[in-house]
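Letters A, B, ... mirror the listed sequences (proteins, then strands); counts begin at 1.
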Protein chains: 2
Amino acid sequence: MSVIFSKKCEYALQAILYLASKDEKEYFSAREIAKDLKIPKEFISKILQSLVNFKIVGSKKGKNGGFYLAKNPNKIRLIDIVEAIDGLDVFTTCVLGFPECSYDSPCPVHSEWGKLRSLAYDMLSSQTIDHFTEKTLKKINQL
Amino acid sequence: MSVIFSKKCEYALQAILYLASKDEKEYFSAREIAKDLKIPKEFISKILQSLVNFKIVGSKKGKNGGFYLAKNPNKIRLIDIVEAIDGLDVFTTCVLGFPECSYDSPCPVHSEWGKLRSLAYDMLSSQTIDHFTEKTLKKINQL
DNA sequence: ATTAATTCGGATAAATTAATCTTATTAAAC
DNA sequence: GTTTAATAAGATTAATTTATCCGAATTAAT
Ligand code: SF4
Ligand code: SF4
């Protein structure tokens with residue numbers, strides 16, 4: 001099974017898009033995020049906690065506490081989430097799993113794949129999450 | 001850690017490229033493929049065995065036996081290997097892990113991501129492995 | 001103060017993927 | 001025929017990823 005992002009990263013992206021799309025409240029609890037996105041509560045808690053460490057998300061403990069975006073949605077890029085959770089290795093290591101990927105010793109598909117990889121990186125770097133709020137709300141309501 | 005292809009798939013691609021690039025011999029044993037590509041022998045054996053089931057690779061048992069390409073390298077596309085080992089789900093399921101990806105209920109990044117995905121699919125579908133023999137040999141010699 | 005609802009950290013369990021081992025079968029070489 | 005070297009198939013183990021559990025700390029409401 002091929003995968004682009006780990007489950008952790010998928011959930012992280014979903015949760016961040018969720019927080020960015022709903023702004024009426026101050027704090028959103030892991031419980032309610034998990035319920036709306038239909039993903040395991042304990043798992044998304046852990047993920048949100050690590051996003052707190054990366055200063056992308058903020059949190060407040062205790063009753064009525066929860067999570068919120070620590071930055072303006074137009075300052076959070078998709079790549080920031082990917083980098084925090086999965087790292088940026090996909091963009092630097094060989095697609096074919098050959099060791100020592102570099103411009104000196106390119107893997108066989110270097111030139112073809114390289115273009116796609118750059119495009120993906122550029123897309124994830126240029127798109128900020130405020131750009132997706134409308135579509136996110138629509139999607140969440142369908143879950 | 002993000003991954004594009006599973007380890008199995010990476011090794012499969014490597015092994016196929018290997019077979020396509022070396023044509024002086026009839027059969028290549030798992031032992032020698034594993035040694036040259038520096039990957040576990042037992043693992044690559046299993047992978048080659050399943051490629052035999054997919055009719056991409058042929059095999060001969062017994063002493064001096066081994067594996068060989070069952071088709072002309074210019075008829076084997078990269079996507080064929082990916083499909084056999086990992087399946088084509090990456091190209092149809094949501095990058096963000098939202099369920100029910102479709103054109104009715106696109107995930108938030110649908111339009112941006114969709115382009116990249118099509119490009120990746122097209123590339124893997126258009127490139128046949130005979131195209132990479134020279135670069136593969138160069139790479140193998142560096143391992 | 002007490003209670004309830006929350007994040008947080010660490011430990012643990014379950015599931016999946018990666019790798020290895022074991023035995024059987026096949027075929028060439030001697 | 002015996003030995004040797006190979007694939008094949010199935011079982012097992014190891015490692016990694018995904019998911020859950022538990023107890024402590026925190027905060028708001030009663
Ligand atoms: S295509 Fe080139 S740059 Fe991309 S992983 Fe392979 S060697 Fe590295
Ligand atoms: S971007 Fe669109 S097509 Fe691609 S996974 Fe998301 S919903 Fe599906």
Undergrad: Just to confirm, is there a sub-4.0 Å distance from OP1 or OP2 of D/dA5 to any side-chain nitrogen or oxygen of B/R31?
TA: no
Undergrad: If you compare every side-chain N and O of B/S59 against the phosphate oxygens of D/dA8 (OP1, OP2), does one of them come in below 4.0 Å?
TA: yes
Undergrad: So, is B/K63 close to the C/dC30 phosphate, meaning a side-chain N or O under 4.0 Å from OP1 or OP2?
TA: no
Undergrad: Report the distance from atom CD of B/Q49 to atom P of C/dT20, rounded to the nearest whole Å.
TA: 15 Å
Undergrad: Give a yes/no answer on whether the side chain of A/N64 brings an N or O atom under 4.0 Å of OP1 or OP2 in D/dT27.
TA: no
Undergrad: Over 60° means perpendicular and under 30° means parallel, so classify the ring planes of A/F28 and A/Y18, tilted if in between.
TA: perpendicular
Undergrad: Given D/dA8, C/dC21, D/dA19, which nucleotide is nearest the side-chain atoms of A/K7?
TA: D/dA19
Undergrad: What is the distance, rounded to the nearest whole Å, between atom CG of B/L37 and atom P of C/dA19?
TA: 14 Å
Undergrad: Taking all atoms of both residues into account, what is the closest heavy-atom pair of B/I81 and B/A12, and its distance?
TA: CG2-CB, 3.7 Å
Undergrad: Expressed in angstrom and rounded to an integer, what is the separation of B/Y68 atom OH from D/dA6 atom P?
TA: 17 Å
Undergrad: Counting only side-chain heavy atoms from C-beta out, which of D/dA8, D/dA6, D/dT18 sits nearest to B/K61?
TA: D/dA8
Undergrad: In whole angstrom, what separates B/E42's CD from D/dG10's P?
TA: 18 Å
Undergrad: Atom CZ of A/F43 to atom P of C/dA15: distance rounded to whole Å?
TA: 14 Å
Undergrad: Taking any heavy-atom pair under 4.0 Å as a contact, classify A/F67: base, sugar-phosphate, or nothing.
TA: sugar-phosphate
Undergrad: Do the side chains of A/S111 and B/K135 get nearer than 4.5 Å, heavy atoms only?
TA: yes
Undergrad: If you only use heavy atoms from C-beta on, which nucleotide in C/dT20, D/dA6, C/dT7 is closest to the side chain of A/S29?
TA: C/dT7
Undergrad: Would you call B/F98 and A/E10 a side-chain contact if the rule is heavy atoms closer than 4.5 Å?
TA: no
Undergrad: Can A/N64 and A/Y27 be said to form a side chain to side chain contact (heavy atoms under 4.5 Å, CB included), step by step?
TA: CA-CA 7 Å; A/N64 299 336; A/Y27 306 108; over 6 Å; no
Undergrad: Determine the contact category for A/K46: base if any of its heavy atoms lies under 4.0 Å from a base atom, sugar-phosphate if only primed atoms, P, OP1 or OP2 are that close, otherwise nothing.
TA: base
Undergrad: What's the NZ-P distance between A/K8 and D/dA19, to the nearest Å?
TA: 10 Å
Undergrad: Would you kindly give the CD1-to-P distance between A/I44 and C/dT6, to the nearest whole Å?
TA: 16 Å
Undergrad: Is the phosphate of D/dT7, meaning OP1 or OP2, less than 4.0 Å from a side-chain N or O of B/Y27?
TA: no
Undergrad: Starting at the 5' end of DNA chain D and moving along, which residue's nearest nucleotide shows up first, A/K60 or A/Y11?
TA: A/Y11
Undergrad: Under 3.5 Å for both donor-acceptor distances, Watson-Crick or wobble: does D/dT30 have a partner, and if so which one?
TA: C/dA1
Undergrad: Expressed in angstrom and rounded to an integer, what is the separation of A/E32 atom CD from C/dA5 atom P?
TA: 14 Å
